[in-house]
Amino acid sequence: MGSTEYIIKKLAEAPAGSKWAVGTELNLVKRLGQMFPDKSVSFLDKTVCYCSTMNRIDLPHLVWALESLVLGEVVNQITVDADTTHWAKVALDRMLALP
């Protein structure tokens, strides 16, 4: 359990032939399998629900969002309730505090 960087580090340190089930975005799991062909890396969720929003985190969409901000238009703004905001900040602060 940890950040993307933590998961990658753990897989890099793991012995060849070890088996891993990773519960995060599918494209990352696929990349991990390619990065570490000496290990068995599988997707934890058997329903394999692709995250279409994560698939749009690419350079063209980043440029579009930044250009929109320059024009004063906020695109794809996400708002959440106060409780979610609090715990998301707690999680981010904990990740950022890691060595």
Side-chain angles (χ1 to χ4, degrees):
M1 189 167 48
S3 67
T4 300
E5 181 180 354
Y6 178 83
I7 294 168
I8 293 169
K9 181 179 179 225
K10 286 297 172 187
L11 275 158
E13 295 170 349
S18 59
K19 295 182 180 185
W20 293 81
V22 182
T24 189
E25 197 271 324
L26 178 60
N27 289 315
L28 174 58
V29 177
K30 287 182 177 181
R31 285 197 316 271
L32 291 170
Q34 293 168 348
M35 289 170 64
F36 304 106
D38 62 328
K39 298 162 182 89
S40 174
V41 181
S42 60
F43 191 53
L44 190 59
D45 185 357
K46 298 297 182 203
T47 61
V48 187
C49 180
Y50 292 93
C51 180
S52 61
T53 305
M54 287 292 287
N55 288 330
R56 283 187 249 144
I57 299 175
D58 57 18
L59 189 55
H61 285 94
L62 174 62
V63 170
W64 167 71
L66 293 174
E67 288 176 343
S68 296
L69 287 173
V70 168
L71 297 173
E73 180 183 352
V74 177
V75 294
N76 295 333
Q77 182 174 2
I78 298 170
T79 57
V80 295
D81 59 84
D83 191 54
T84 301
T85 299
H86 168 76
W87 290 111
K89 185 174 181 334
V90 168
L92 285 171
D93 288 342
R94 287 177 180 171
M95 283 188 279
L96 293 172
L98 291 172

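These values consider heavy atoms only, across backbone and side chains, with no hydrogens, waters or symmetry-generated copies. The chain is numbered in sequence order, starting from 1.
The minimum heavy-atom distance linking A12 with K39 is given by the pair O-NZ, 4.1 Å. Smallest separation of non-hydrogen atoms from I8 and F36: O-CZ, 3.7 Å.
Between the OG1 atom in T4 and the CE atom in M95 there is a gap of 8.5 Å [rounded to 0.5 Å]. Interatomic distance, NZ of K9 versus OG of S3, reported as 10.0 Å (0.5 Å rounding).
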Test side-chain hydrogen bond (donor to acceptor under 3.5 Å, both in side chains) applied to H86 and D83, step by step:
CA-CA 5 Å; H86 168 76; D83 191 54; over 6 Å; no
For Q77 and V75, what are the C-alpha separation, side-chain angles and deciding distance, and is it a side chain to side chain contact (heavy atoms under 4.5 Å, CB included)?
CA-CA 6 Å; Q77 182 174 2; V75 294; over 6 Å; no
Apply side chain to side chain contact (heavy atoms under 4.5 Å, CB included) to W20 and K10, showing your working.
CA-CA 10 Å; W20 293 81; K10 286 297 172 187; 4.3 Å; yes
Apply side chain to side chain contact (heavy atoms under 4.5 Å, CB included) to K89 and L92, showing your working.
CA-CA 5 Å; K89 185 174 181 334; L92 285 171; 5.7 Å; no
Could you walk me through whether K30 and L26 pass the side chain to side chain contact (heavy atoms under 4.5 Å, CB included) check?
CA-CA 6 Å; K30 287 182 177 181; L26 178 60; 4.1 Å; yes
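Within a 6.0 Å radius of CD in E5, no more than 12 heavy atoms belonging to other residues, nucleotides or ligands are found.
In this structure the side chain of V70 never reaches within 4.5 angstrom of the side chain of E67, judged on heavy atoms. Side-chain contact between E73 and L69: absent, with no pair of heavy atoms (C-beta onward) separated by less than 4.5 Å.
Looking only at distances, a side-chain donor or acceptor of S68 sits under 3.5 Å from a matching main-chain atom of W64. Here the side chain of S18 pairs no donor or acceptor atom with the backbone of A14 at under 3.5 angstrom.
Hydrophobic clustering of Ile, Leu, Val, Met, Phe, Trp and Tyr side chains at less than 4.5 Å, counting indirect connections, keeps V74 apart from L71. Under a hydrophobic-cluster definition in which Ile, Leu, Val, Met, Phe, Trp and Tyr are linked whenever side-chain heavy atoms come within less than 4.5 Å, directly or via other members, M35 and L28 are assigned to the same cluster.
With sequence neighbours left out, I7 forms a side-chain contact (heavy atoms from CB on, under 4.5 Å) with L11, V22, L32.
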